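Taking it in order: structure first as structure tokens, then the write-up.
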Amino acid sequence: MNEVTAVMDAQTKVKAVPTLPDAQTVTEVKHYTDRLFSFRCTRPASLRFRSGEFVMIGLMGDPHPETGKQKPLLRAYSIASPSWDEEMEFYSIKVQDGPLTSKLQHIKPGDEVILRPKPVGTLVHDALIPGKRLWFFATGTGFAPFASLLREPQTYEDYDEVIITHTCREVGELTYGRDLIEGLKHDELLNEVIGEGFWKKIKYYPTTTREESPKMGRITDLMRSGEAFKDLGVEPLNKETDRAMICGNLAFNLELKEMFEEYGLEEGANSKPAHYVVEKAFLD
């Protein structure tokens, strides 16, 4: 083999290596528990989204044993970063035998992930009619879209008060949300853009269902008993003043929807704004 042939052969081999479609580079990874982690990655220059929306995130699957071909493993992930952020942030569970998260939990800065730049979702301000108080109801990693909306200026322009409830099994699972909310107090950019002390509009109500914590119980039970409203110093939900967004496991979503209907609230959508919305793509 002469030198020219060797070079051409090498170039052919390089070109034959498949490149990751819609690739973005991981810039930061944080692990919170043995079940939860967050990561940040580069943002496609053309990507525009509304705070609260989700995109498809993934990695390439294992090669087929016979053909050697790989298919992308994709899952809907709420965007945890606000619409103005230069990077993308995501909050994820770790499932040891999960097709995607068993691999995704091992990513490191410099690795690539697939990010399909077609954001959609119902947890957006456009899907709600004007109100005075905005409620965010989350379980587990369902906090992610609210991490975006809590850093969105429109949230504080549209509402006098923002209440976020976050129900998890263990105390460590509250770390991501607690740290984010605490960080808002010292975020110079947001305090400048939204207004000094904007974070004082937030009431944070974390609860656990297994491990002992200052507030135990499912948020739905605490609402039914009236304890949650008493703790927060507010009246029960009222369709004249309250708006809500839900992002949790299926049973949680259905239970809250039933409660909201009892309060007289109607479910909204992008095409028909109303009193509350539910993220149907999320699975905790």
Side-chain angles (χ1 to χ4, degrees), residues 50-54 76 78-80 82-83 119-168 177 181 201-207 209 215 217-284:
R50 295 174 295 176
S51 292
E53 290 187 315
F54 66 87
S78 292
I79 304 170
S83 60
V120 291
T122 56
L123 301 185
V124 293
H125 286 303
D126 294 342
L128 297 175
I129 56 178
K132 293 183 178 180
R133 181 184 298 120
L134 178 61
W135 292 78
F136 294 141
F137 293 95
T139 62
T141 53
F143 189 93
F146 306 136
S148 175
L149 287 157
L150 284 167
R151 291 177 281 184
E152 171 58 53
Q154 186 180 348
T155 300
Y156 306 95
E157 294 169 3
D158 291 356
Y159 297 93
D160 299 330
E161 193 170 33
V162 179
I163 298 175
I164 177 156
T165 80
H166 191 197
T167 300
C168 296
I181 291 173
K201 286 189 174 184
I202 300 172
K203 287 186 175 181
Y204 174 47
Y205 197 69
T207 70
T209 56
K215 179 57 62 173
R218 299 164 72 246
I219 185 61
T220 46
D221 292 337
L222 293 167
M223 289 169 67
R224 282 200 178 90
S225 69
E227 187 174 343
F229 302 118
K230 183 179 179 181
D231 290 339
L232 290 163
V234 298
E235 295 295 318
L237 275 70
N238 182 307
K239 68 177 183 180
E240 301 302 324
T241 57
D242 294 281
R243 303 295 173 258
M245 296 185 178
I246 312 170
C247 192
N249 58 62
L250 182 59
F252 175 78
N253 293 357
L254 293 175
E255 188 175 3
L256 269 179
K257 283 184 64 171
E258 185 177 331
M259 290 181 67
F260 287 172
E261 298 298 331
E262 293 172 4
Y263 286 124
L265 276 64
E266 298 177 6
E267 184 173 359
N270 281 279
S271 58
K272 188 181 179 182
H275 305 111
Y276 75 92
V277 286
V278 184
E279 186 51 83
K280 298 177 176 63
F282 175 76
L283 292 175
D284 182 18

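In this text the structure is predicted, and so the values were computed from the model without any measurement.
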Legend entry - Polar side-chain atom of Asn253 near backbone of Gly248 as donor-acceptor pair, under 3.5 Å: yes
Legend entry - Side chain Thr122, main chain Val278, donor-acceptor under 3.5 Å: yes
Inset, instruction - Could I get the full list of side-chain contact (heavy atoms from CB on, under 4.5 Å) partners for Pro206, not counting sequence neighbours? - result: Leu174, Tyr204
Inset, instruction - Inspect the contact between Glu266 and Lys272 and indicate whether a charged nitrogen and a carboxylate oxygen are less than 4.0 angstrom apart. - result: no
Inset, instruction - On the 0 to 90° scale, with breaks at 30° and 60°, tag the Trp135-Phe137 ring pair as parallel, tilted or perpendicular. - result: parallel
Inset, instruction - Using modelled atom types only, decide if a donor and an acceptor are shared between the side chain of Ser83 and the backbone of Ser51 within a distance under 3.5 Å. - result: no
Inset, instruction - Kindly compute the distance separating OG1 (Thr241) from OH (Tyr159), expressed to the nearest 0.5 Å. - result: 11.0 Å
Inset, instruction - Show your reasoning for whether side chain to side chain contact (heavy atoms under 4.5 Å, CB included) applies to Asp221 and Glu227. - result: CA-CA 9 Å; Asp221 292 337; Glu227 187 174 343; over 6 Å; no
Inset, instruction - Answer yes when Glu152 and Arg50 have at least one side-chain N-carboxylate O distance shorter than 4.0 Å, and no when they do not. - result: no
Legend entry - Crowding at NZ, Lys201 (>12 non-hydrogen neighbours, <6.0 Å): yes
Inset, instruction - Could you label the plane-to-plane angle of the His166 and Phe143 rings as parallel, tilted or perpendicular, counting under 30° as parallel and over 60° as perpendicular? - result: tilted
Inset, instruction - Over all heavy atoms of both residues, which pair between Met223 and Phe229 is shortest? Give the atoms and the distance, please. - result: O-CE1, 3.4 Å
Inset, instruction - Please check if the side chain of Tyr156 supplies one atom and the backbone of Leu150 the other of a donor-acceptor pair under 3.5 Å. - result: yes
Legend entry - Atom pair CZ/CG of Arg133 and Asn238 - distance to nearest 0.5 Å: 9.0 Å
Legend entry - OG1-CG distance between Thr165 and Leu256, expressed to the nearest 0.5 angstrom: 7.5 Å
Legend entry - Check: Arg243 side chain, Ile129 main-chain N or O, donor-acceptor pair, under 3.5 Å: yes
Inset, instruction - Any chance you could lay out the side chain to side chain contact (heavy atoms under 4.5 Å, CB included) test for Leu134 and His125, step after step, and finish with the verdict? - result: CA-CA 10 Å; Leu134 178 61; His125 286 303; 3.9 Å; yes
Inset, instruction - State, to 0.1 Å, how close Leu265 and Asp242 come at their nearest heavy-atom pair, and which atoms those are. - result: CD2-O, 4.2 Å
Inset, instruction - Could you give me the CA-CA distance, side-chain angles and deciding distance for Ile164 and Tyr205, then say whether side chain to side chain contact (heavy atoms under 4.5 Å, CB included) is met? - result: CA-CA 6 Å; Ile164 177 156; Tyr205 197 69; over 6 Å; no
Legend entry - Nearest heavy-atom neighbours spanning Lys239 and His275: O-CD2, 3.5 Å
Inset, instruction - Considering non-hydrogen atoms only, spot the tightest contact between Ala127 and Val277 and give its length. - result: CB-CG1, 3.6 Å
Inset, instruction - Kindly compute the distance separating NZ (Lys203) from CD1 (Ile163), expressed to the nearest 0.5 Å. - result: 6.0 Å
Inset, instruction - Taking all heavy atoms of Gly52 and all of Ser148, pick out the closest pair and write down the distance. - result: N-OG, 3.4 Å
Inset, instruction - Check whether any side-chain heavy atom of Leu123 lies under 4.5 Å from a side-chain heavy atom of Cys247, and answer yes or no. - result: yes
Legend entry - Point-to-point distance, once rounded to the nearest 0.5 Å, from CZ of Phe260 to CD of Glu255: 11.0 Å
Legend entry - Interatomic distance, Lys132 atom NZ to Asp158 atom CG [nearest 0.5 angstrom]: 14.5 Å
Legend entry - Check against side chain to side chain contact (heavy atoms under 4.5 Å, CB included), Ile246 and Phe252: CA-CA 9 Å; Ile246 312 170; Phe252 175 78; 3.8 Å; yes
Inset, instruction - Taking all non-hydrogen atoms of both residues into account, name the closest pair between Leu128 and Ala244 and its distance. - result: CD2-O, 3.9 Å
